[in-house]
Amino acid sequence: MRTIDKISLGRRRFLRALGAGVAVAAAPPLALEAKADSESNDEKRKSRYKNSDHVKAYYRVNRYPG
């Protein structure tokens, strides 16, 4: 083999191993358990927006009607 062929083969092998390592690291762990949601249906549907002082100041400073 020529020197250039050896270098490109080594680079290809390195990149292939690097890609395989990234794929394994990105896979989600299988040992984690799914946990059920602790909120009831009423809690899920309640309004979470609160018109507090800092929200009012934000709208006032940015001149949004509100």
Side-chain angles (χ1 to χ4, degrees):
M1 257 185 193
R2 297 184 333 209
T3 306
I4 295 173
D5 291 340
K6 288 181 182 179
I7 292 171
S8 65
L9 186 60
R11 185 182 310 138
R12 286 181 190 156
R13 224 179 252 165
F14 171 74
L15 291 174
R16 189 177 299 141
L18 184 66
V22 168
V24 168
L30 300 176
L32 294 178
E33 295 181 17
K35 294 185 178 180
D37 194 6
S38 61
E39 289 183 324
S40 68
N41 284 334
D42 292 334
E43 290 174 338
K44 288 179 186 177
R45 294 176 190 221
K46 72 178 180 180
S47 175
R48 301 200 191 301
Y49 178 80
K50 295 189 179 31
N51 197 6
S52 61
D53 290 333
H54 74 278
V55 173
K56 290 176 187 176
Y58 174 83
Y59 280 101
R60 186 184 72 248
V61 169
N62 292 302
R63 296 188 184 129
Y64 293 119

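When reading the values below, keep in mind they use all heavy atoms of this one structure, side chains included, and skip hydrogens, waters and symmetry mates.
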Just to verify, what does Ser52 make a side-chain hydrogen bond (donor to acceptor under 3.5 Å, both in side chains) with, not counting sequence neighbours?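 Residues passing side-chain hydrogen bond (donor to acceptor under 3.5 Å, both in side chains) with Ser52: His54.
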Specify the closest pair of heavy atoms between Arg48 and Glu39, including all atoms of both residues, with the distance to one decimal.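 Heavy atoms of Arg48 and Glu39 come nearest at NH2-OE2, 3.1 Å.
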Got Lys50 and Val55 here, is their nearest side-chain heavy-atom distance under 4.5 Å?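 With C-beta onward as the side chain, the pair stays apart.
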